[in-house]
Structure formats: structure tokens, C-alpha cells
Amino acid sequence: MSMTPLEELRHSASHVLATAVLRLYPEARLDIGPPTDTGFYYDLDLDHKLTTEDLVKIEAEMKKIADENQPFIRKEVPRAEAEQIIRERKQERYKLGRLADIPAGEAISFYQNGEFMDLCAGTHVRYTAKLKAFKLLSIAGAYHRGDETNQQLQRIYGTAFPTKEELANYLTQLEQAKLRDHRKLGKELKLFHIDEDVGQGLILWTPNGSILRQQLQDFIMGELRKQGYSQVFTPHIGRLSLYKTSGHFPYYKDSQFPPVVERDFLDQLISSGCTCAEMSNRIDAVSVHLAERVNKLTGRETITKDRVLPDDQLIDGFLLKPMNCPHHVKIYSSQPHSYRDLPVRLAEFGTVYRWEQSGELNGMTRVRGFTQDDAHLFCTEEQLQPEILGCLSLVKIILTTLGMSDYRVRIGLRGPDSDKYIGDPAMWDKAEAACRSAAQTIAMAFTEEPGEAAFYGPKIDFMIRDVIGREWQLGTVQVDYNLPVRFNLTYIGADNTSHRPVMIHRAPFGSMERFCGVLIEHFGGDFPLWLAPEQIRLVPISDKNLDYAKTVLDQLLGSGLRASLDTHSDKLGAKIRRAELEKIPYVLVLGGKEAEAQSASLRSRAKGDEGIHKLADLLGRFTLEVATRALPVKKAEAR
RNA sequence: GCCGGCGUAGCUCAAUGGUAGAGCACCUGUUUUGUAAACAGGCGGUUGCGGGUUCGAAUCCCAUCGCCGGCUCCA
């Protein structure tokens, strides 16, 4: 087990944390305490509910242990002795299981510092005095082995650095990151609102946020037209039977909003004394006809007998769509296709609804209703690779245009448990190779992750971190061999026989909500001119300049720019301050001098006062900056 | 969903069992301003919602809704 020096330090800090906890709470039962990307934690079982005050005490005890300068000593022992050590220390509850995880033949080691001894592969710093800069940050619940059916433990998070300066820098960074949090900026800049009366995880896009979203949509739609996409519109709901054919219902029932069943139907069920469990079974069930059809198409018992009921027992209803694909599939299959028509590319900003667990909801990045910049491509096997390439280039255009370079690309391949994956292994090989070579062609660095594929095909995901350090999936490109089969999609080939198309799901932004959330944080609210809700604020020096200011406003609006006039009777400084706080890219100061020369005094967000310019020049500059979708100049670079 | 913390004016926060308050925002008036905050006055609250304890509850207890940090999940 090799660790970087920083990991070694943090891992040692977690041991010292455990040492301190046992001094204060000898009854604590320890699980594990590894280093993380940003610090370390230790999971422990303790009846006493730890509070932030307890953290202060534990941290003080850790400082003492560091001062005691205990050496970390490694001891390798046979398995039987390891078990004995764990029992002597009354830590058998979790540690014996951890011991059992160590494969036979591998060394079993303990690390001791002072009175504390822990089963541990290592490595560690040599003395506790090396721990000069650490801090406990938070307490959280965590399931033993990450399994929600297991005991929930208390997890203490902390961080450690080689020096106090580095720790202080990290903590300041955390504070600064919080200022860019999209939930905070969303409120300050009036970009979106979530109202508990509307519902958790349901975004209300306010006028400012709507401009942001609309600009992004217009941008991507322009690119889609260039790539030969067709625009479609589909409703927000669809019949349950549609999702039974696609397989989404009831397989993903727990992450869907409950189905809508007709009122007459419900009344009938209630009067017939139908129980909830019975009703649930009947809603989940499918007809003999549908089961036979799906099973025949997929060539196996995809829908098992226990889910089949006679037609008069079935309850149909509508589902808020959790995905757009079944609707798009139905558009494809509404008419016959020749190989000459392919690829068919159907695009829609489609709003979908998913029942996310309440504890998982987070601002705009994890919501229950969101709009995907979705599209479904229907193509031949041969077209798969170039089509994937086209999808990737879309994502690349977006990320490049927005200056987002801090992302990683993950190719999800099928894992070893082959039962989960549907479709012919030879087709999978081809699709996985197509993903790989498309990514290579476009020169994107990627990691291949076996087991991360969907059950219906491999995928390419774009992962981006938010200011808190949480990683989110944005853009995605997924190959699908399942839906074309289930819906019996075909096209007529050059050989005049029927063929099965391959489907690609792709969403370069992912969802507009999540993307905008991440984008707000990426720019810290200082949007490029083309995205800024308000681009230019007009500030007259005094009310005497209002008339001139109005003529300037008309010219800006007439050029398609988003501008407003500050008519408050405040002093100039106050008006400037207001515009700065609202992060408006440009302020035009208008006074007597400016009015005489059809000009304006320009103040830019990046550079400050830029002096007097002719209005005509300014209009040209602004419209060009919008048209080229120029990235904002950073304040530091401007100086 | 689970563990823990939190919920006071539009926003940021004060008031720890004894009269709900400040700053900003907003409105009115005065001021007419040259690059990040003029001055004065006014409006604004059933302390998330519902119960309970108490002579008296923002404060203590119960329940519920929501938010925050994790965990689990994410077609």
C-alpha cells in the first residue's frame, strides 16, 4: 500500500483522532479511518451523539497526543494473534470483519502510537509531532460498509496539512468557495427560486435565470442545426403501458413520481374494496399480449409470469415522464425508415421528473424536475462511431466556449457480472470500441471504468466538480441496444430487408438546471456578456442627464442588448456600487460632457473606469463581444 | 429515506422564559451628485406550520414541513 506523503499525514491524523476519541469515550467501537482527497475521517459507533462542542474537545485531545510525540510503530502478526489483539481491545464489532477482508497470505499489520493500536496496512508518519496543522470539520452519519441496511455510524471529518499556512489557506479557500455557491448567488442575483409550496427540488426560473438558460438553449440549438438535428416536442406525460414496454416502469418505480390513475378508475377500485397492495400489483402488471411481445422481441423472459394479469384486472394510468426516449422512439416508429434516412436525430429540451430522495436534493444540481437538452439518434451500426464523434464534438464546443476545462471524461464499460447487460457481446465490443476511438479522435483524455455502463449499453460521461468539491455528471452520450429491440424499431437496408437501428441518447449540457448551477459557480456570477442577464447599466450623473440617458437606452435596446437605466436620485458612487454588486458587465456613466458628444463614460467589470467613448464605438464593441461569445476578462488579468 | 445541525422582516443577523430589534432593500421628502454606500422619516413579523408545558414561549417539550452537511441512491 503506497501513500503520498500528504495521505500518510492525513491517515496518521485519523489514527490520532481515534486515539483521542478512545481517551474521551472508551466505549467507542471503531470502524475505519482513511485519508480522502481533502482530509480524512474516522467512522465509529458510539451511543453518545457527538456535537460540535465534542469536536472541540476531541481536537484539543489530538493536540495533546501530537505534543506527546508518540512514535508510530508497525507490527506484523499472524492472523490468530491479530484477532486476539482486536478482542483484547474490545474492538471486535467492526474490526474482525475488516480483518476477514484481508486475503490469506497477505501481511496483517497493526500500527501503534502510545496506548492506541489499530489494524492498518499503513503507512504512517514516524511521530505524532509531525501533525502540526489539522482541524476537525464536521460530524455526519455513514452506513457501515456504505450499505444502508447496515448499522449507521458517526463519521468525524477533518483535514490536515504539513504546515499551518497551508491549512489556513485551505480553510480560506473553503470560505471563498462558499461565496460562489450557486444557491447563494442564485438568490443574490435573482436567478432562480425554490418554493416549498411548489415542491422540493422544483426550480422556478426567475427572469434573470431564464435569460441565462435561454441564451444557452439558443447557442446549442444553433449547433444542432449545423449538425442536421430535427427539433421535436412531446408532452410531459405518457401512458403507463408505454413505460412498461420501455421497461422503465415498474423497474425504476422508486425513482418516479407515482402514476396518475383516472379518478373513475380509482373510485371503482375503492368501491370494490381493493387494498393498496392489490392496487399496486395491478398497476405494475402487464397484459398477456404485451408480455408475449416484449419477451419474444428480447428473446428471453424479460417480463416474468408473476407480472402478467388478465386485461380486466389491469389498471392503466399516466406517468410523469422520467425520460424522453419512449416518446422519441414513438416518433421514429410512426413511419417507415429507409437506410437513406439515417441517421435520424430527434432533439428536444425535454422536461423529465424523477423522485429523488429528499436528502439528496441540492439547489439546482440535484432536483426532481429538470430539462434535458436531449436528443435520440437512430443510426446503423456503421454510423455509430461517427455519430458518437458528433455528440462528443458538441460537448467539446460547449465546454470550450464557456471556458470550462476542469472536467474529466469517463467511459463506462460493461463489468464482469455479464447477466446485467442486455444485447450481443460482439455488439458491445463494437460499441465500446466506438466510444473509445471517438474520444481519441477528438483528443479527449478519458478513463475507462468497467461496470459503469448502463445495462443497455456503454456510455461516455462528463464529470465536473462544484465549489464544494462534489462531482456531478453533466454531458452524457449513451449507446442503447435495448429500446430498439423492445419497441421493435426497424429500417429497410440497401438489401431490401428489415434491420434494427442502434440508438444513442445524448445530452451535451445534461440538464439545464444542473448545468446552470455549475455554470453559476464556474463564473462566480461574473457571466460573459452574452449570458449576463443585464449587460449594461446606464447611470446618469444627475436627474438632469435623464433625457440623454433615455436616448442611449433606446439605442442599446434597439441593438438587441439588455440594458437598464438607474433612475435613483443617489450619488454616482452609490449607483456604481449597486451595478457592481449586481455583477453587471458594463456601466455607462452619462453626464453633460457625454451628452454633448454622443458618447458615454465606460466602466467595465474587469478594468474599472475606461474613459469616454463614442456611443457608436461602444455599440460595436458590445455587439461583437456578444456575437463572439467572448469569455469575461478576469479582474486579475485586467491589471 | 437515514444520522446530525438549523429555521426570527424581501436579504444578513440580534434578542436564552418577562414589551420582537438592527443594518441593507423598499416607499416618501430633502439633496442633483463624476466612478463601490448623501440625509431624514416611513412601511414591513401570528418568530416555518400545528399542538403542549407555563401566570407568561422566538426561547422548553412533542409532532410536522423545509433548509444545510454527510451517508445511501442516481435509468
Side-chain angles (χ1 to χ4, degrees), chain A residues 36 41 43 45-46 49-52 54-55 137-157 178 181 183-184 187-188 190 193-201 243 246-249 251-256 321-326 352 354-363 366-368 453-457 459 461 468 470 472-473 476 478 480 482-483 505 514 537 539-546 568-582 587-594 601-605 607-612:
Chain A
T36 66
Y41 65 82
D43 283 350
D45 191 354
L46 181 63
K49 300 291 176 208
L50 292 168
T51 63
T52 39
D54 295 328
L55 282 195
L137 298 172
S138 60
I139 309 154
Y143 299 106
H144 173 54
R145 292 185 186 278
D147 182 338
E148 64 180 325
T149 60
N150 282 344
Q151 172 76 23
Q152 191 162 37
L153 309 173
Q154 298 190 70
R155 175 172 295 179
I156 302 175
Y157 278 99
K178 279 186 197 151
D181 191 309
R183 291 166 298 189
K184 183 176 162 64
K187 200 176 275 185
E188 289 172 358
K190 300 188 178 73
H193 174 64
I194 300 172
D195 193 289
E196 66 176 275
D197 285 337
V198 174
Q200 288 183 288
Y243 299 100
S246 73
H248 292 121
F249 192 89
Y251 190 68
Y252 295 107
K253 195 165 72 166
D254 289 347
S255 35
Q256 291 164 349
K321 66 178 174 189
M323 307 208 86
N324 300 304
C325 26
V352 297
R354 299 183 187 177
W355 189 261
E356 305 289 357
Q357 297 190 83
S358 60
E360 259 309 323
L361 298 170
N362 183 75
R366 189 73 185 264
V367 292
R368 284 188 174 158
F455 72 89
Y456 50 75
K459 58 176 183 172
D461 291 327
I468 317 275
R470 283 185 287 219
W472 300 101
Q473 178 200 308
T476 182
Q478 311 187 358
D480 188 345
N482 182 41
L483 287 184
H505 311 244
R514 180 176 287 179
R537 172 66 54 84
V539 175
I541 301 264
S542 84
D543 290 357
K544 290 170 193 152
N545 311 110
L546 266 176
H568 287 84
S569 65
D570 292 310
K571 292 177 74 171
L572 178 61
K575 294 182 218 181
I576 299 266
R577 177 181 152 83
R578 192 153 41 233
E580 289 280 348
L581 291 175
E582 290 176 44
V587 173
L588 295 186
V589 178
L590 305 165
K593 282 184 287 182
E594 288 81 0
S601 187
L602 177 69
R603 183 188 165 95
S604 68
R605 188 174 49 193
K607 296 182 190 164
D609 192 350
E610 294 193 35
I612 294 186

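A, B, ... follow the sequence lines: proteins, then strands. Residue 1 opens every chain.
- Judged as a salt bridge (Lys or Arg N to Asp or Glu O under 4.0 Å), and not counting sequence neighbours, K187(A) has no contacts.
- Looking at residues two or more places apart in sequence or on another chain, you find a side-chain hydrogen bond (donor to acceptor under 3.5 Å, both in side chains) between R603(A) and E580(A).
- Looking at residues two or more places apart in sequence or on another chain, you find a side-chain hydrogen bond (donor to acceptor under 3.5 Å, both in side chains) between Q478(A) and Y456(A), T476(A).
- Residues satisfying the salt bridge (Lys or Arg N to Asp or Glu O under 4.0 Å) test with D609(A), not counting sequence neighbours, are none.
- Residues meeting the side chain to side chain contact (heavy atoms under 4.5 Å, CB included) test with D254(A), sequence neighbours left out: none.
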Using a 4.0 Å cut-off on protein heavy atoms (strictly under), produce a 5'-to-3' string for nucleotides 38-43 of chain B with B for base contact, S for backbone-only sugar-phosphate contact, and - for none. B-----
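- Every side-chain hydrogen bond (donor to acceptor under 3.5 Å, both in side chains) that E188(A) has, sequence neighbours left out, goes to K184(A).
- Under 3.5 Å, the side chain of R155(A) and the base of C3(B) form no donor-acceptor pair of N or O atoms.
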Taking only N/O atoms, report every protein-nucleotides 22-27 of chain B pair under 3.5 Å with atom names and distance.
residue : atom : partner : partner atom : Å
C26(B)  : OP1  : H568(A) : NE2          : 3.3

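- Y41(A) is linked by a ring pair (Phe, Tyr, Trp, His ring centres under 6.0 Å) to Y157(A), counting only residues two or more places apart in sequence or in another chain.
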Sugar-phosphate means primed atoms, P, OP1 and OP2; the rest is base. With that split, encode nucleotides 44-51 of chain B 5' to 3' as B, S or - using protein heavy atoms under 4.0 Å. --------
Using a 3.5 Å limit on both pairing distances, list the dot-bracket string of RNA chain B from the 5' end; Watson-Crick and G-U wobble pairs count, crossing pairs take [ ], interstrand pairs take |. (((((((..((((....[..)))).(((((.......))))).....(.(((..]....))).))))))))....
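- For the salt bridge (Lys or Arg N to Asp or Glu O under 4.0 Å) test, no residue two or more places apart in sequence or in another chain qualifies with R577(A).
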